Amino acid sequence: MTESIVDARGMRCPWPALRLARAMRESPAVTILADDPAAPAEIAALADHERWEVSPIMGGFIVRRSPWAMP
């Protein structure tokens with residue numbers, strides 16, 4: 001599987017988090033670009049719930065499955 005890129009710029013929450021969740025079903029890592037001020041909190045909450053790792057990048061985040069997380 002390859003990494004995916006989700007461009008959620010211009011979308012308001014909860015859409016960036018929903019697009020991220022969909023992309024993570026089929027990819028071990030996703031780069032999500034989001035500019036909604038609420039997106040960081042929404043993405044962090046989703047990642048915490050799913051036990052994903054989140055790394056901030058310019059304009060978005062890289063989200064990866066944690067190696068120790070249960071499927």
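As a basis for the values below, the full set of heavy atoms in this structure was taken, side chains included, without hydrogen atoms, waters or symmetry mates. These numbers were taken from a predicted model, which means no experiment stands behind them. The residues of the chain are indexed from 1 along the displayed sequence.
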Report yes if some heavy atom in the side chain of [X] is under 4.5 Å from a heavy atom in the side chain of [Y]; otherwise report no.
X	Y	value
P16	I32	yes
I57	T31	yes
E50	S66	no

With L46, the side-chain contact (heavy atoms from CB on, under 4.5 Å) member among V63, L20, V54 | L20
Euclidean distance, [Y] [atom2] relative to [X] [atom1], rounded to 0.5 Å:
X	Y	atom1	atom2	result
M11	D35	CE	CG	10.0 Å
R64	S27	CZ	OG	10.5 Å
C13	D36	SG	CG	4.0 Å
M58	L33	CE	CG	12.0 Å

Could you tell me whether L18 atom CG has more than 12 heavy atoms of other residues or ligands within 6.0 Å of it?
->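 Yes, CG of L18 has more than 12 neighbouring heavy atoms, counting only those of other groups under 6.0 Å.
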Scan for side chain to side chain donor-acceptor pair (under 3.5 Å) pairs involving residues 6-19, sequence neighbours excluded, and state none if there are none.
->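 Pairs touching residues 6-19 that pass the test: D7-R9.
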Name all residues meeting the side-chain contact (heavy atoms from CB on, under 4.5 Å) criterion together with A45; count only those two or more places apart in sequence or in a different chain, and write none if there are none.
->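 By the side-chain contact (heavy atoms from CB on, under 4.5 Å) rule, A45 matches no residue at all.
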The salt bridge (charged side-chain N to carboxylate O under 4.0 Å, His left out) partners of R22 (sequence neighbours excluded) come to none
